[in-house]
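Nothing here was measured: the structure is a model prediction, and the numbers come from that model.
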Amino acid sequence: MYMKLCNVTYDGHTHAAVHEQHNVLFIEAINATFHTALPNDLRVLMAREHIETLHELSQQLKWQSVAAIALQNVVFETPYTAPQHIFGVGMNYQEKLVDLQAAPSEEPVVFMKPNATIATITEALRLPAMSEHITAEGELALIIGKCCERVSEEEALQYVSGYTTALDLTAKDVHAKNPRFMQLAKIFPTSFSFGPVIVTAHDVPDVQRLCVESVHNGRVVHQNTVDHMMYSPAYIVSYISQFIALQVGDIIMTGTPGSFTIRAGDEAACHIQHIGRLTHYVI
């Protein structure tokens with residue numbers, strides 16, 4: 001059983017929770033049952049020490065004694081909206097390089113997203129007025145669970161506490177004008193989304209085997225496994241940490257197997273087996 005964490009609204013209040021098959025367990029209820037002090041803020045909860053506590057409770061005490069809320073009574077929300085950093089890696093699959101007609105580089109292409117780009121789970125993706133060609137990309141995202149700086153590739157995944165689905169939008173016509181415009185092409189509102197669930201790294205023993213899918217109007221248009229990335233998740237964490245100290249709750253998108261053009265009325269989604277599905281309508 002994969003441990004999935006989420007943020008939900010119930011009876012007008014927001015709760016960090018553990019997502020089971022048919023219900024959720026609020027962190028407050030877990031604290032009340034087991035006399036723990038786990039944070040109700042999912043970004044803070046992603047710290048590795050809190051994740052380890054949750055796993056110990058689930059293995060030793062199970063969840064039978066915790067009051068559960070049925071899924072149909074809650075609304076899934078964005079896991080959190082104020083990470084310190086959101087990073088993206090471009091052109092990380094050979095197929096994506098072909099799509100962009102680009103040559104491979106010796107080091108990954110890295111960009112950042114401001115928090116203002118985050119589309120909440122219940123929000124539609126809004127096409128910006130400044131572009132006539134918007135593309136969407138399904139991606140695997142890493143959640144940092146421990147502050148790290150200048151870590152080696154061998155130890156990098158020790159600082160990752162979770163994995164989730166993500167969507168990254170790009171104003172492709174803006175980027176096409178000049179490669180230096182890539183950052184500008186990626187910072188419009190609702191151009192980034194992640195969640196709604198985060199699977200703890202403890203439950204993903206081999207991230208290389210995950211299959212990432214970009215899904216357009218219910219059809220899988222691109223898919224690939226993580227082991228076909230040019231830069232592995234471990235390498236990406238290590239690489240970025242050489243330039244900046246990564247913080248708990250930081251999000252790193254690892255690249256897409258392929259993008260697709262979106263228009264008003266479309267549905268854009270990312271699906272990763274064992275992780276989950278992230279879906280947005282486009283307006």
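Although no hydrogens or angles enter the test, the distance criterion places no donor-acceptor pair under 3.5 Å between the side chain of Ser131 and the main chain of Leu127. With hydrogens and angles disregarded, no donor-acceptor distance shorter than 3.5 Å links the side chain of Gln59 to the backbone of Glu56. Here the side chain of Asn23 pairs no donor or acceptor atom with the backbone of Leu71 at under 3.5 angstrom. Between the Thr9 side chain and the Gly12 main chain, no donor and acceptor come within less than 3.5 Å of each other. A donor-acceptor pair under 3.5 Å is absent between the side-chain atoms of Thr135 and the main chain of Ser259, judged by distance alone. A donor-acceptor pair under 3.5 Å is formed between the side chain of Ser58 and the backbone N or O of His55. In this structure, the side chain of Thr33 engages the main chain of Ala29 through a donor-acceptor pair within 3.5 Å. The backbone N or O of Cys211 sits nowhere less than 3.5 Å from a side-chain atom of Gln223 that would complete a donor-acceptor pair. With Ser161 contributing its side chain and Arg48 its backbone, the two residues share no donor-acceptor pair below 3.5 Å. Remark: side-chain polar atoms of Glu153 are not paired, donor with acceptor, to backbone N or O of Ser238 under 3.5 angstrom.
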Under the side-chain hydrogen bond (donor to acceptor under 3.5 Å, both in side chains) rule, what do Thr225 and His228 come out as? Steps first, then yes or no, please. CA-CA 6 Å; Thr225 51; His228 286 119; 2.9 Å; yes
Would Ile143 and Ile251 count as a side chain to side chain contact (heavy atoms under 4.5 Å, CB included) here? Give the steps. CA-CA 5 Å; Ile143 307 296; Ile251 304 165; 3.9 Å; yes
For the pair Ser191 and Lys113, evaluate side-chain hydrogen bond (donor to acceptor under 3.5 Å, both in side chains) and give the outcome as yes or no after the intermediate values. CA-CA 9 Å; Ser191 64; Lys113 293 267 194 177; 3.1 Å; yes
Start with the C-alpha distance between Phe76 and Val197, add both sets of side-chain angles, then the distance that settles side chain to side chain contact (heavy atoms under 4.5 Å, CB included), and finish with yes or no. CA-CA 9 Å; Phe76 284 93; Val197 300; 4.3 Å; yes
Full working for side chain to side chain contact (heavy atoms under 4.5 Å, CB included) between Ser65 and Phe34: CA-CA 9 Å; Ser65 55; Phe34 302 127; 4.0 Å; yes
Give the C-alpha distance, both sets of side-chain angles, the deciding distance and a yes or no for side chain to side chain contact (heavy atoms under 4.5 Å, CB included) between Thr53 and Leu38. CA-CA 8 Å; Thr53 297; Leu38 296 165; 4.0 Å; yes
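Residue Ala136 comes nearest to Leu169 through the heavy atom pair CB-CD1, 3.9 Å, listed as atom of the first residue, atom of the second, then distance. Residue Asn31 comes nearest to Ala37 through the heavy atom pair OD1-N, 3.5 Å, listed as atom of the first residue, atom of the second, then distance. Considering every non-hydrogen atom in both Ala16 and Glu28, the closest pair reads O-OE1, 4.3 Å. When all heavy atoms of Pro257 and Gly138 are compared, the pair lying nearest together is CD-O, 3.5 Å. Across all their heavy atoms, Glu139 and Ile272 have their closest contact at O-CD1, 3.9 Å. Closest heavy-atom contact between Cys270 and Val212: SG-CG1, 4.4 Å.
Criterion: ILVMFWY side-chain heavy atoms under 4.5 Å apart, direct or through other members. Under it, Leu167 and Phe188 are not part of a common hydrophobic cluster. Side-chain heavy atoms closer than 4.5 Å link hydrophobic residues (I, L, V, M, F, W, Y) into clusters, and following such links, possibly through other members, connects Val237 to Val199. In the hydrophobic clustering of ILVMFWY residues, with side-chain heavy atoms under 4.5 Å counting as a link, Leu42 and Ile118 come out together. No chain of hydrophobic side-chain contacts below 4.5 Å, direct or via other Ile, Leu, Val, Met, Phe, Trp or Tyr residues, connects Val215 to Ile134. Cluster annotation: Leu45 is not connected to Val8 through the hydrophobic network of ILVMFWY side chains, with a link wherever side-chain heavy atoms come within less than 4.5 Å.
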Would you give me the side-chain donor-acceptor pairs under 3.5 Å for residues 275-283, sequence neighbours excluded?
from, atom 1, to, atom 2, distance (Å)
His280, ND1, Glu123, O, 2.7
His280, NE2, Ser193, OG, 2.7
Tyr281, OH, Glu267, OE2, 3.4

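Between Ile30 and Leu54 the shortest side-chain heavy-atom distance falls below 4.5 Å. In this structure the side chain of Val44 never reaches within 4.5 angstrom of the side chain of Val248, judged on heavy atoms. The side-chain heavy atoms of Val160 and Lys146, taken from C-beta on, include no pair separated by under 4.5 Å. Using a 4.5 Å heavy-atom threshold, the side chains of Tyr163 and Leu142 count as touching.
Using a 4.0 Å cut-off between charged side-chain N and carboxylate O, Lys4 and Asp203 make no salt bridge.
Considering only residues two or more places apart in sequence or on other chains, Asp206 meets the side chain to side chain contact (heavy atoms under 4.5 Å, CB included) condition with Gln208, Arg209.
Using cut-offs of 30° and 60° on the angle between ring planes, the pair His15 and His13 is perpendicular.
Shown here is Glu149, whose CD atom has more than 12 heavy atoms of other residues, nucleotides or ligands within 6.0 Å. When the shell of 6.0 Å around CD of Glu155 is examined, it contains more than 12 heavy atoms from other residues, nucleotides or ligands.
Aromatic rings from Phe243 and Phe87 are positioned such that their centres are separated by 6.0 Å or more. His274 has its ring centre less than 6.0 Å from the ring centre of Tyr2.
Counting only N and O atoms by type, the side chains of Thr261 and His133 include a donor and acceptor under 3.5 Å apart. Looking only at atom types and distance, the side chain of Thr170 has no donor-acceptor partner in the side chain of His175 under 3.5 Å away.
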